[in-house]
Amino acid sequence: MAVLLKRLTLQTSIGTCFSKHIVKPDPAQLSLTASTPKLLYLILAKGFSTDGNTPGEKKQKRKDAFTNTGRKISERIIRVLDEKGTDLGMMHRADVIRLMDKLDLRLVQRNASSEPPEYQLMTGEQIHQERLRIREQEKTNPKTGPAATKELIFSSNIGQHDLDTKSKQIHQWIEKKYLVQVTIKKAKNAEQPRNEMDEIFNQILQTMTAIATFSSRPKAIRGGTASMCVFRPLSKKEMKAYRHTQETEGTDTLNKDDRNKESDVLCQGL
């Protein structure tokens, strides 16, 4: 019995000694360790993902300007044209779908802004040809936004050299299809008539009559202390008309010279 008590006492003392040297783990570290596999999985999943969109973000499909609507007709009642362009009147979408199946045709939206919206029944070949036509039209007549405007401001007592430099700058902007707003301020302590500033505008225009004209003619601003106008590039039609005029004037000049020479020859003969 005494021996058993001694053994129990010895075991108790050894257990107490070991417990003093055991380091208890930090709860925060346990939490971090437990969440590490989940975090690592998310990082790897994002790294190997081929989709560049963020979670919950949907890709927006490009809507063709001229495409087959199919059976997805959002309106209940629509106006329908047949494949030849004949107006079939207003129809319920269920009737339109039945007609599509019966004639083996596709449905294309023609005018979404009309009331009711206008659709047309077409063959696949017609849709293809219409798309080609639209693409060619866009290449021929590309959409352009409003022309940007450049601005120049200088004094009416500008020297001829500086004026030539300004005119060259305006010429370059016009060639790049800019509008150019020019403001001429009346020189201080100078008695200059307003038409003198108009003459400067006309002098600038004379350097580029083949490519530019007035978008707005010279007018007095700031209580008459300045004058302003806007130059714009010539349209294709205007440029064609200008070249035709120049060619006509050149032909008339040559004919006039020829007549003068003939007249001189006749006078000498007499």
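- Residues Y119 and E75 have side chains that bring a donor and an acceptor to within less than 3.5 angstrom of each other.
- Going from atom CG of L105 over to atom CG of D101 covers 10.0 Å, rounded to the nearest 0.5 Å.
- I78 contributes atom CD1, which lies 7.5 Å from atom CE of M91 (distance to the nearest 0.5 angstrom).
- At distances below 3.5 Å, at least one donor-acceptor pair connects side-chain atoms of S227 with backbone N or O atoms of K219.
- Between R232 and E238, at least one side-chain nitrogen of the basic residue sits less than 4.0 Å from a carboxylate oxygen of the acidic one, meeting the salt-bridge criterion.
- Atom OG1 in T207 sits 8.5 Å away from atom CD in Q203 (nearest 0.5 Å).
- With a 6.0 Å radius and a threshold of 12 heavy atoms from other residues, nucleotides or ligands, D104 has its CG atom at or below the threshold.
- Between the side chain of S167 and the backbone N or O of L163 there is at least one donor-acceptor pair closer than 3.5 Å.
- E130 has a carboxylate O that lies under 4.0 Å from a charged side-chain N of R133, or vice versa, which qualifies the two as a salt bridge.
- Considering all non-hydrogen atoms of both residues, G224 and A220 come closest at CA-CB, 4.3 Å.
- The main-chain N or O of S74 is found under 3.5 Å from a side-chain atom of R93 such that the two form a donor-acceptor pair.
- With values rounded to the nearest 0.5 angstrom, L88 atom CG is found 6.5 Å from L121 atom CG.
- Of all the heavy atoms in D87 and L81, the pair that sits closest is CA-CD2, 3.5 Å.
- Rounding to the nearest 0.5 Å gives a distance of 3.5 Å between NE2 of H171 and CD1 of I211.
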Apply side chain to side chain donor-acceptor pair (under 3.5 Å) to residues D164 and Q160 and explain how you reach the verdict. CA-CA 6 Å; D164 292 341; Q160 186 60 48; 2.9 Å; yes

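- The OG1 atom of T213 sits 6.0 Å away from the CG atom of L234 when rounded to the nearest 0.5 Å.
- Using a 3.5 Å distance cut-off with no hydrogens or angles, the side chains of E125 and Q129 do pair a donor with an acceptor.
- Within a 6.0 Å sphere centred on OH of Y178, heavy atoms belonging to other residues, nucleotides or ligands number 12 at most.
- Of the charged side-chain nitrogens involved, none lies within less than 4.0 Å of a carboxylate oxygen, so that K102 and D95 do not count as a salt-bridged pair.
- In this structure, E118 contributes its side chain and R110 its backbone to no donor-acceptor pair below 3.5 Å.
- Within the 3.5 Å criterion, the main-chain N or O of H244 finds no donor-acceptor partner in the side chain of E247.
- Without hydrogens or angle criteria, T123 side chain to Q126 main chain gives a donor-acceptor distance under 3.5 Å.
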